[in-house]
Student: 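Got a structure for you, written out below as structure tokens; questions coming shortly.
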Amino acid sequence: MKKPFFYDITLRDGNQSLKKPWSLPEKEIIFKRLLELNVQAIEVGFPNSSEMDFEACKYLASIAPDNLVVSALARCTEKDVSSAVEAICHAKIPRIHTFLTLSPFHMKYVLNKDPMEVRKTAIEAVKFACEKIKKANKNGEVQFSVEHFGDCGENLDFVIDTLKEIVKAGATTINLPNTVERKRPRVFLDMVEKVYNALPKDISISLHNHNDLGMATATTVEGYFSGAIQLECALNGLGERAGNTNFYEVAVALYNSGVEMPVDLSKIYETALIVAQMSKVDVYEKAPLVGPDALAHRSGIHQDGALKTKDMEFGAYRPIHPSLIGRKDDEKIGFTSQSGKTAIFEIISKAGYPITIQEAIRLAPAVKEAAEKIGELPTRNIIDIYFNEICNIKGVFKLINFDHIGEGKFTVEFDFKDKNYKMTGSGNGPIDACMDALKQAGFERKLLYYKQIAMDEELLGSGANAMSVIHIEGDDGSKVIGRAIHKNTAVANVKAIFNAYNLIYKG
């Protein structure tokens, strides 16, 4: 199959739908973004709609690269066509895009004209456009659009006969718009295929789909496989009503289908943000590929799969690697009542705190309970629970005081089930001395591991800058981890021991 030919309509269809249409400097910014995306054709505007649009079309045509098709819209009138030719004829490859409805409904109730009269008008307009643009520029082309083609099911034979005459008149591209999306894609594409099969194979079939029912992307992608090589799309899906076919979705869907892409996909994400800012039409949260939530996972099952495949090109729960479209952000793991241990582990680890999956399991009930009350938890709330449940464990042991009384000697005062103990322990530092004091009180345990981690003071807050990690042997020979943070490293060590003891002695 031929490569898809991307014909962008952001500067015409997209712009005309904005509450505040773009100025020439703004149009130039969009035009240059389209060049960076490497689209093959750009419809720069509707020259006869206003003096401002005429000047914009003329200027953009003057700065267009030689390999770009520069198109301008014109109704089937000599005035419109002449204005369009004058505006863009200095481009290397100018194209006049003229259009007229052939829909029975539209011809009867909007044009109030007989079908044969409409046919004659369309053919004469195409002839005039061909003569005019070829005289001004030998590379000039003419495209004809059957406005409301999607409504032409009942008179499709008439439409095909008309298009054959329009091709004879000089049009080399026939555009079949779903001007208002009313039917499912397969019904529309059956009509497209009939036109494709009826016309000479050197004629390019084009699709221009609106998104009234939310199926413009599907129709356009499947339309390519039905013979429509030219795909008319808009950045961010801008367009009248529910918008036009979204450029990004079509390009990535075809890429995922194994189609060789002529456009630069890596420019998509940055372009989407720029267009949203300039159009004052935000990229909605759940927008495919470019939306803020397009990489978010909140279900525990999804989070587990996403994290296990996060470095792969195709993730367990995403269609592409974000870098394909220029996204530098990673998949987002948010915690709600639907999330689980994997999310806790990832969020806390990403925030810079050490945690094991076993500790994440232990935290899950408290974090879920908080999420049930307020919805998705901010990272700060999860970290606060981490401090309370991991670093400040409440249990049968309560450390009251810890003092250094001499070389290798420390007093340790604590309560156990409301009974007070004040012991003097000895050893090579506070950890050994604390373990010795607990042994003397009848709570002997084996120390398996000790580590102290320097922490970012800003991260921990309250002037704390050290985390102690203590592993104590449990009843069944298992490893029980105690953690504690404090600005005094000796205190952090002792607190970590007591946290581990509270995990071992449950009652």
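In this text, all values refer to a predicted model and were calculated from it rather than measured experimentally. Excluded from the calculations below are hydrogen atoms, water molecules and symmetry mates; all remaining heavy atoms, backbone and side chain alike, are included.
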Student: Does Q40 use its side chain to pair, donor to acceptor, with the backbone of F6 at less than 3.5 Å?
Tutor: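 Between the backbone of F6 and the side chain of Q40 there is a qualifying donor-acceptor contact (under 3.5 Å).
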Student: What I'd like to find out is whether the side chain of D151 reaches to under 4.5 Å of the side chain of R182, using heavy atoms alone.
Tutor: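 A side-chain contact under 4.5 Å exists here.
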Student: Whether K20 and E26 form a salt bridge (side-chain N of Lys/Arg under 4.0 Å from carboxylate O of Asp/Glu) is what I want to check.
Tutor: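 Looking at K20 together with E26, the answer is no, because their closest N to O distance does not fall below 4.0 Å.
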Student: Would you confirm whether R318, through its side chain, and I320, through its main-chain N or O, come within 3.5 Å as a donor-acceptor pair?
Tutor: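 Yes; judged by distance alone, with no hydrogens or angles, the pair exists.
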Student: Regarding K27 and D53, does a basic nitrogen lie under 4.0 Å from an acidic carboxylate oxygen?
Tutor: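 A salt bridge is present here (some side-chain N lies under 4.0 Å from a carboxylate O).
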Student: If you count heavy atoms of other groups shown closer than 6.0 angstrom to CD of Q16, is the number above 12?
Tutor: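 Enclosed: over 12 neighbouring heavy atoms sit under 6.0 Å from CD of Q16.
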Student: Side-chain contact test, heavy atoms from C-beta onward, threshold under 4.5 Å: evaluate it for I355 versus S349 and give yes or no.
Tutor: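 Heavy-atom side-chain distance check passes, below 4.5 Å.
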Student: Looking only at the side chains, is there a donor atom on one of E473 and S478 sitting less than 3.5 Å from an acceptor on the other?
Tutor: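 Side chains of E473 and S478: no pair found under 3.5 Å.
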Student: Going by distance alone, is a donor N or O of one side chain under 3.5 Å from an acceptor N or O of the other, for T342 and Q303?
Tutor: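 No, no side-chain donor-acceptor pair sits under 3.5 Å.
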Student: Could I get the full list of side-chain hydrogen bond (donor to acceptor under 3.5 Å, both in side chains) partners for E222, not counting sequence neighbours?
Tutor: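 Not a single residue meets the side-chain hydrogen bond (donor to acceptor under 3.5 Å, both in side chains) criterion with E222.
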Student: Does a side-chain N-to-carboxylate-O contact under 4.0 Å join R241 and D212?
Tutor: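 Salt bridge present between R241 and D212.
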Student: Pairing donors with acceptors under 3.5 angstrom, does anything connect the side chains of N236 and Y248?
Tutor: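 Yes - a donor-acceptor pair under 3.5 Å links their side chains.
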Student: Check E43 with R12, please: is the shortest side-chain N to carboxylate O separation under 4.0 Å?
Tutor: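 Here R12 pairs with E43 in a salt bridge, since their nearest N and O are under 4.0 Å apart.
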Student: Under a 3.5 Å distance rule, please check whether N244 uses its side chain to pair with a backbone N or O of H210 as donor and acceptor.
Tutor: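 No; zero donor-acceptor contacts below 3.5 Å.
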Student: Please lay out, stage by stage, how K341 and E359 fare under the test salt bridge (charged side-chain N to carboxylate O under 4.0 Å, His left out).
Tutor: CA-CA 9 Å; K341 64 181 184 299; E359 288 171 319; over 6 Å; no
Student: Quick test of your reading of the model: are E28 and K32 salt-bridged, counting only N-O distances below 4.0 Å?
Tutor: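 Answer for the salt bridge query: yes.
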Student: Can you tell me if H404 uses its side chain to pair, donor with acceptor, with the backbone of G406 under 3.5 Å?
Tutor: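 Checking the backbone N and O of G406 against the side chain of H404, a donor-acceptor pair under 3.5 Å is found.
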Student: Looking at D415 and D418, would you say the former's side chain and the latter's main chain have a donor-acceptor pair under 3.5 Å?
Tutor: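 No: the side chain of D415 does not pair with the backbone of D418.
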Student: Quick one: does L254's side chain get under 4.5 Å of V250's, heavy atoms only?
Tutor: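 A side-chain contact under 4.5 Å exists here.
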Student: Can you establish whether the number of heavy atoms outside N428 located under 6.0 Å from its atom CG is more than 12?
Tutor: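 Incorrect, the count does not exceed 12.
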Student: Which atom names give the shortest non-hydrogen contact between I504 and G474, and what distance separates them?
Tutor: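 Reported closest heavy-atom pair: CD1-CA, 4.4 Å.
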Student: Let's go through F335 and I344 carefully: what are the C-alpha distance in whole Å and the side-chain angles of both, what is the deciding distance for side chain to side chain contact (heavy atoms under 4.5 Å, CB included) to 0.1 Å, and is it a yes or a no?
Tutor: CA-CA 7 Å; F335 195 94; I344 295 171; 3.4 Å; yes
Student: Using the ring of each side chain (for Trp, its six-membered ring), is H97 parallel, tilted or perpendicular to Y7, with breaks at 30° and 60°?
Tutor: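 Rings of H97 and Y7: perpendicular, as their planes differ by over 60°.
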Student: I'd like to know if the side chain of S49 reaches the main chain of F46, judged simply by a donor and an acceptor atom lying under 3.5 Å from each other, with no hydrogens or angles considered.
Tutor: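 The answer is yes, because a donor-acceptor pair under 3.5 Å joins these two groups.
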Student: Are the side chain of R445 and the backbone N or O of L438 linked by a donor-acceptor pair below 3.5 Å?
Tutor: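 Side chain of R445 to backbone of L438, a donor-acceptor pair under 3.5 Å: no, none is there.
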Student: Can you tell if the side chain of S323 reaches within under 4.5 Å of the side chain of H321, non-hydrogen atoms only?
Tutor: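 Yes, their side chains come closer than 4.5 Å.
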Student: Using only atom types and a distance under 3.5 Å, with no angle test, would you say the side chain of D403 pairs donor to acceptor with the backbone of I405?
Tutor: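 Checked: no pair found.
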Student: Without swapping roles, check the side chain of T245 against the backbone of N209 for a donor-acceptor pair under 3.5 Å.
Tutor: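 Here the side-chain-to-backbone pair exists.
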Student: What's the verdict on ring pair (Phe, Tyr, Trp, His ring centres under 6.0 Å) for F402 and F498, showing C-alpha distance, side-chain angles and the deciding distance?
Tutor: CA-CA 12 Å; F402 178 75; F498 275 86; 8.9 Å; no
Student: For the pair K310 and E331, find out whether any cationic side-chain nitrogen is under 4.0 Å from an anionic carboxylate oxygen.
Tutor: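 So K310 does not pair with E331 through a salt bridge.
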Student: More than 12 non-hydrogen atoms from neighbouring residues, nucleotides or ligands closer than 6.0 Å to NZ on K183, yes or no?
Tutor: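 Enclosed: over 12 neighbouring heavy atoms sit under 6.0 Å from NZ of K183.
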Student: Within the 4.5 Å heavy-atom criterion, are S339 and S299 side-chain neighbours or not?
Tutor: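 No - every pair of side-chain heavy atoms lies 4.5 Å or more apart.
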Student: Are more than 12 heavy atoms, taken from residues, nucleotides or ligands other than I301, located less than 6.0 Å from that residue's CD1 atom?
Tutor: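 No, not enclosed.
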Student: Do any N or O atoms from the side chain of D293 and from the backbone of K286 form a donor-acceptor pair under 3.5 angstrom?
Tutor: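 Judged by distance alone, no pair lies under 3.5 Å.
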Student: Over 60° means perpendicular and under 30° means parallel, so tell me whether F414 and F443 are parallel, tilted or perpendicular.
Tutor: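 F414 and F443: perpendicular rings.
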Student: Determine whether P319 and N256 make a side-chain contact, defined as any pair of heavy atoms from C-beta on separated by less than 4.5 Å.
Tutor: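 They are in side-chain contact.
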Student: Identify, with sequence neighbours excluded, every residue that meets side-chain contact (heavy atoms from CB on, under 4.5 Å) alongside E376.
Tutor: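 Testing E376 for side-chain contact (heavy atoms from CB on, under 4.5 Å), a comparison that skips the adjacent residues, returns R298, K332, T336.
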